[in-house]
Undergrad: 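Supplied in structure tokens, the structure appears directly below.
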Number of protein chains: 2
Amino acid sequence: MTRHLPHTARSDARENRARILDAACTVFGEEGLSAPVREVARHAGIGPATLYRHFPTKRALIVETFAEQRRACHAVVRDALADSDPWHGFRNLVEQICELHARSRGFPDAFMTAFPEAMDFVADRERMLRAVTELARRAQRAGRLRPDFVVDDLVLMLMAHRGVQDVPPAARFLASRRFAAYVIEAFRAVPG
Amino acid sequence: MTRHLPHTARSDARENRARILDAACTVFGEEGLSAPVREVARHAGIGPATLYRHFPTKRALIVETFAEQRRACHAVVRDALADSDPWHGFRNLVEQICELHARSRGFPDAFMTAFPEAMDFVADRERMLRAVTELARRAQRAGRLRPDFVVDDLVLMLMAHRGVQDVPPAARFLASRRFAAYVIEAFRAVPG
DNA sequence: AGTCAAGCGGACGCGTGCGTCCGTTACGGT
DNA sequence: ACCGTAACGGACGCACGCGTCCGCTTGACT
């Protein structure tokens, strides 16, 4: 449904569009959504006006930029749901979502809070939350996930994970992994 | 050592200073550190220039504003250390620090990241970290805190707690408490 | 090769937020 | 009551970031 590149466009235009998205991914990934649009343009080696012709507003640029990461999220959820061991799937889900969020600085903001009204975002969100709910129900039946867990708890922890993005870049990945490990530990059902 | 109000000042000046700090506490507490200085001035019912005479820069205003909250943090750590049951003290510490951070929106940012070079801040930080280390060692000896816990883990979780500040205000306190509960659950030593 | 429209980018307008200047006000000591 | 000075506040300058305009460039079709 989302045609990515209008093949009717001129070649340089298509190339520039790709360069912009690439640059946006890097810049927003490293500096967060507060990075100025010009920075993206500079990084892509083009003028601001060109960028604004391709993406009329900063929001539009951001939405397009993180479309791929959203697909990655879908894949993670799908794989987790397909896992024969629901608790194993659940743990993988937590770890991989955290890693995705750690890998690019701006994505969690975009995904969790910044654009609640971008309609396909929330549609995705609903679908994914339902899927996680199903996965959690299975893991609870297997006695591995604590019985009082609700999906909002995962959302809460992902919101919290946004906070670790501000640790110095050198330690960010370690911090993210350690956070994920603790979250899993917290969600694990107490034996007995 | 920190004289709060120079008694030599004029009465209206002292009153205005107090009003400013009051307003800053409210505004930064509700909207975060990104709130404009004029907003604080408006809320205090004075002009911007007056505010800038009392606090030459936004940083200075913020530092003074959260001095009291820092004292509250000290008190929490002290109480936790004085608790005869170290694990009980540790849990209280986590809960109360989280509550303090939840109560005012800007404080965690100011405390954890924004001003690493404000020297008395880091001095405080060091002292508090040492105290928490001691408390953790005791709780570990009592077999209640997991043996692989290190102080940085608490710092990590407090960094993460900053992320929950962006949940809608109606649910923020609940979210903060639930987060604290999960953190404690994650830090608890596995029995056996 | 010629032509023309689509694409490009430097320069601009606008809004916002931090910090400052100077004419005016009012506190407090005599 | 008077006066000097500290305190006040509206108006200003400056910087930055988003989005736009217009003259120039260049790809693509014939």
Side-chain angles (χ1 to χ4, degrees), chain A residues 3-24 26-28 30-66 105-106 109-110 114-115 117-118, chain B residues 3-24 26-28 30-66 105-106 109-110 114-115 117-118:
Chain A
R3 64 198 176 333
H4 293 268
L5 299 179
H7 293 273
T8 66
R10 247 166 63 171
S11 65
D12 53 347
R14 269 183 296 148
E15 162 133 4
N16 273 337
R17 188 189 157 93
R19 293 167 72 111
I20 291 169
L21 283 171
D22 225 43
T26 303
V27 171
F28 289 140
E30 288 178 358
E31 304 183 31
L33 300 184
S34 60
V37 174
R38 327 290 273 229
E39 180 86 10
V40 176
R42 266 191 299 274
H43 201 275
I46 61 165
T50 303
L51 194 154
Y52 276 108
R53 191 170 316 101
H54 284 279
F55 306 95
T57 179
K58 187 175 184 176
R59 289 181 55 89
L61 172 61
I62 290 171
V63 169
E64 281 300 313
T65 301
F66 290 117
R105 189 121 185 263
D109 285 345
F115 309 122
E117 72 277 26
Chain B
R3 63 196 178 335
H4 293 267
L5 300 179
H7 293 273
T8 66
R10 247 167 62 173
S11 64
D12 54 346
R14 269 183 296 148
E15 162 133 6
N16 274 336
R17 188 188 157 92
R19 292 167 73 115
I20 291 170
L21 283 171
D22 225 43
T26 303
V27 171
F28 289 140
E30 287 177 0
E31 304 182 31
L33 299 185
S34 61
V37 174
R38 326 291 270 234
E39 181 85 10
V40 176
R42 267 191 298 275
H43 201 277
I46 60 165
T50 302
L51 193 155
Y52 277 107
R53 192 171 315 102
H54 283 280
F55 307 95
T57 179
K58 188 175 184 175
R59 288 180 57 89
L61 173 61
I62 290 170
V63 169
E64 281 300 313
T65 301
F66 289 118
R105 190 122 183 259
D109 284 345
F115 308 122
E117 72 277 26

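The chains referred to below are lettered A, B, ... by the order of the sequence lines, with proteins before strands, and numbering in each begins at 1. In what follows, every heavy atom counts, from backbone to side chain, and hydrogens, waters and symmetry copies are set aside. Here the structure is a predicted model, which is why all the values come from computation and not from measurement.
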Undergrad: Ala110(B) and Phe66(B): which non-hydrogen atoms are nearest, and at how many Å?
TA: CB-CD1, 4.0 Å

Undergrad: Name all residues meeting the side-chain contact (heavy atoms from CB on, under 4.5 Å) criterion together with Glu15(B); count only those two or more places apart in sequence or in a different chain, and write none if there are none.
TA: Arg19(B)

Undergrad: When the distance from NZ of Lys58(B) to P of dT16(C) is rounded to whole Å, what number comes out?
TA: 16 Å

Undergrad: How close do Ile20(B) and Leu61(B) get, counting heavy atoms only, and between which atoms?
TA: CG2-CD1, 3.8 Å

Undergrad: Could you give the distance from CD1 (Ile62(B)) to OG1 (Thr57(B)), rounded to the nearest 0.5 Å?
TA: 8.0 Å

Undergrad: Does OP1 or OP2 of dA7(D) have a side-chain N or O of Asn16(B) closer than 4.0 Å?
TA: no

Undergrad: Tell me which of Arg53(A) and Pro36(B) sits closer to the 5' end of DNA chain C, going by the nucleotide each one is nearest to.
TA: Arg53(A)

Undergrad: What's the closest nucleotide to the His54(B) side chain, out of dC8(C), dC18(D), dC8(D)?
TA: dC8(D)

Undergrad: Using a strict 4.0 Å threshold on nitrogen-to-oxygen distance, state whether Glu64(B) and Arg59(B) make a salt bridge.
TA: no

Undergrad: For Asp12(B), enumerate each residue passing the side chain to side chain donor-acceptor pair (under 3.5 Å) test, keeping only those at least two apart in sequence or located in another chain.
TA: Arg10(B)

Undergrad: Let me know the distance between CZ of Arg19(B) and P of dA7(D), rounded to the nearest Å.
TA: 17 Å

Undergrad: What is the separation between atom CD1 on Ile20(A) and atom C1' on dG7(C), rounded to the nearest whole Å?
TA: 11 Å

Undergrad: Looking at DNA chain D, which of residues 37-52 of chain B put a heavy atom within less than 4.0 Å of it?
TA: Arg38(B), Ile46(B), Gly47(B), Ala49(B), Thr50(B)

Undergrad: Could you check whether any side-chain heavy atom of Leu21(B) comes within less than 4.5 Å of a side-chain heavy atom of Phe55(B), counting everything from C-beta outward?
TA: yes

Undergrad: Indicate every side-chain donor-acceptor pair of residues 32-47 of chain A with a distance under 3.5 Å to a residue at least two apart or in another chain.
TA:
| residue | atom | partner | partner atom | Å |
| --- | --- | --- | --- | --- |
| Glu39(A) | OE1 | Arg42(A) | NH2 | 3.2 |

Undergrad: Hey, what are the protein-to-nucleotides 28-30 of chain C N/O distances that come in under 3.5 Å?
TA:
| residue | atom | partner | partner atom | Å |
| --- | --- | --- | --- | --- |
| dG28(C) | OP1 | Ser11(B) | N | 3.1 |
| dG28(C) | OP1 | Ser11(B) | OG | 3.1 |

Undergrad: What integer distance in Å separates Phe55(B):CZ from dA7(D):P?
TA: 13 Å

